[in-house]
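Worksheet: one structure, shown below.
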Amino acid sequence: MAGKDLDLSKLRVETRLALAGRDPARHDGGVNPAIHRATTLVIEDTGDLYNTPQKTYALEGMAVQDALKVALLAIEGGAAVTLAPSGLGACTLALMTIARAGGELLVVDSVYGPTRRFCNTVLHRLGVRTTYFAPHIGGDIAGLINENTCGVFLESPGSITFEVQDVPAIAAAAKARGVPTILDNTWSAGLYFKPFEHGVDLSVQALTKYQAGHADAFMGAVLSATPQMGERVKATYKQLGLGASPDDAYLVLRGMRSLSVRLERQAASGLQIARWLETRPEVARVIHPALPSHPDHAIWKRDFTGAAGVFGAVLKPVAAAKLKVMLETYALFSMGFSWGGYESLIIPCDDNITRTAKPWKAEGPLVRLSIGLEHPGDLIADLAQGFARLA
Ligand SMILES: Cc1ncc(COP(=O)(O)O)c(C=O)c1O
């Protein structure tokens, strides 16, 4: 069988994506795993009911979830992985694993809004304090770490505003004080940034985005640098009663087979569109880490091997009514939350930015574009027509 007895770590990522998690012998010869719906698992031996390393309840996942986990580890690395029902569920699972009452979390100011909301509501209620820090803090985060610090949460590039953090410097400062680091690594899809090579302890993926890739499944994952950390995440998953649907695990795994091809294309189209936007008189600046004009381009170039197809653009000041017309009348771009699917999306973002450590300042309205698999020439024509409607 293809892939049998192969050391996947010696193969290139495209090959790993095609092979990882395949086990036809477990699935009547099928190339893909069966979608196995189950709750109860029958146990023959009373001795195995309460004290066994075997699975005793299907909330732990069946073969299809196992196959997805194998594939995730083969791509991003790490010692263990736990699935979650959504990307946000993966963020909160990672946070619940390390948070403790009386403890303090250090969270990047440009974090995904719902992750911030979780810290400010549920964790706050449970006696966990959150301090937000400026995305460019780097190794100076050492000055914020104290005896109560129970974790550092990063997301690089940050949501909406795309600041690239100096993850190795932050992770090293945290490690020196025995503080675990979590990184929301969704933007790189686990392909273009290797968190465990940069000292991160827990990597979060919203698999809903590029891995699933077709706007039809929610799922998340928490990958751990060490087996010990992996056990802590798994225990928290069980304590919280979380699960990950077999149908959605199948869709995410199917999406991953074409991940590198889609992402390469979406990244190339994204960069082409970002460069074109830089030439437009209606645009004040484009916020794309792979553009030399991005303030953190040097860090991105040092740490990443590629870019995603989602980025921001600050427009020059424009009347709200005109912006509304432009956004609502595109032929190809739709407005909608999420990103990373095959379909191009655009959203206005000014109502979606909360900052407490370092205010967000912009020359005009900020929009976020997620570039899909349409031809970039058609997308550029659509954007150009939108600018014509602004005039
Ligand atoms: C950076 C980031 N992390 C996590 C999530 C949450 O993913 P999900 O929509 O699957 O809950 C999102 C969703 O937009 C995101 O952008």
Side-chain angles (χ1 to χ4, degrees), residues 68 72 76 81-96 107-119 121-122 132 135 153-165 167 182-193 195 200 202-223 237 240 242-245 247-249 251-253 255-256 259 263 266 270 287-289 304 307-312 334-341 343-349 351-354 366-372:
L68 173 59
L72 288 166
E76 193 166 347
V81 56
T82 302
L83 299 178
S86 68
L88 179 58
C91 296
T92 61
L93 170 61
L95 283 164
M96 287 300 274
V107 177
V108 68
D109 211 17
S110 51
V111 73
Y112 173 58
T115 303
R116 187 183 197 104
R117 185 177 60 207
F118 179 75
C119 294
T121 55
V122 177
Y132 294 94
F153 193 102
L154 304 168
E155 184 190 318
S156 184
S159 274
I160 312 283
T161 47
F162 300 97
E163 291 95 340
V164 184
Q165 286 123 71
V167 174
I182 305 170
L183 170 73
D184 184 334
N185 192 27
T186 303
W187 191 81
S188 91
L191 280 184
Y192 295 152
F193 182 85
V200 167
L202 292 175
S203 174
V204 170
Q205 286 289 331
L207 304 173
T208 311
K209 317 299 173 198
Y210 283 113
Q211 285 89 345
H214 293 74
D216 56 2
F218 281 107
M219 193 153 290
V222 182
L223 293 98
Y237 170 91
L240 290 171
L242 297 180
S245 135
D247 300 82
D248 292 341
L251 288 174
V252 174
L253 183 59
M256 284 184 70
L259 174 64
L263 196 50
Q266 286 171 270
I287 314 175
H288 189 311
F304 286 72
V310 60
F311 60 94
S334 309
M335 279 194 290
F337 293 108
S338 203
W339 48 276
E343 77 293 6
S344 288
L345 298 171
I346 188 165
I347 47 166
C349 297
D351 293 338
N352 201 7
I353 301 175
T354 307
L366 172 66
V367 294
R368 183 184 74 185
L369 298 94
S370 175
I371 303 304

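The structure displayed is predicted, hence computed values, not measured ones. Each ligand, and each atom within it, is numbered from 1 in the order the structure gives.
Under the 6.0 Å cut-off for aromatic ring centres, Tyr210 and Trp339 qualify, their centroids lying closer than that.
Between the side chain of Gln211 and the main chain of Gly255, no donor-acceptor pair closer than 3.5 Å is present. No donor-acceptor pair closer than 3.5 Å links the side chain of Trp187 to the backbone N or O of Tyr192.
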Polar pairs, ligand 1 vs protein, N/O only, below 3.5 Å.
| unit_1 | atom_1 | unit_2 | atom_2 | d |
| --- | --- | --- | --- | --- |
| ligand 1 | 3 (N) | Asp184 | OD2 | 2.7 |
| ligand 1 | 9 (O) | Lys209 | NZ | 3.1 |
| ligand 1 | 10 (O) | Gly87 | N | 2.7 |
| ligand 1 | 10 (O) | Thr208 | OG1 | 2.5 |
| ligand 1 | 11 (O) | Gly87 | N | 3.3 |
| ligand 1 | 11 (O) | Leu88 | N | 2.9 |
| ligand 1 | 14 (O) | Lys209 | NZ | 2.8 |
| ligand 1 | 16 (O) | Trp339 | NE1 | 2.9 |

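With sequence neighbours excluded, no residue satisfies salt bridge (charged side-chain N to carboxylate O under 4.0 Å, His left out) with Glu155.
For Phe218, the CZ atom is loosely surrounded, since the number of other residues' heavy atoms within 6.0 Å does not exceed 12.
Test Thr92, Leu95, Val108 against Thr115 for side-chain contact (heavy atoms from CB on, under 4.5 Å) and you get one pass: Leu95.
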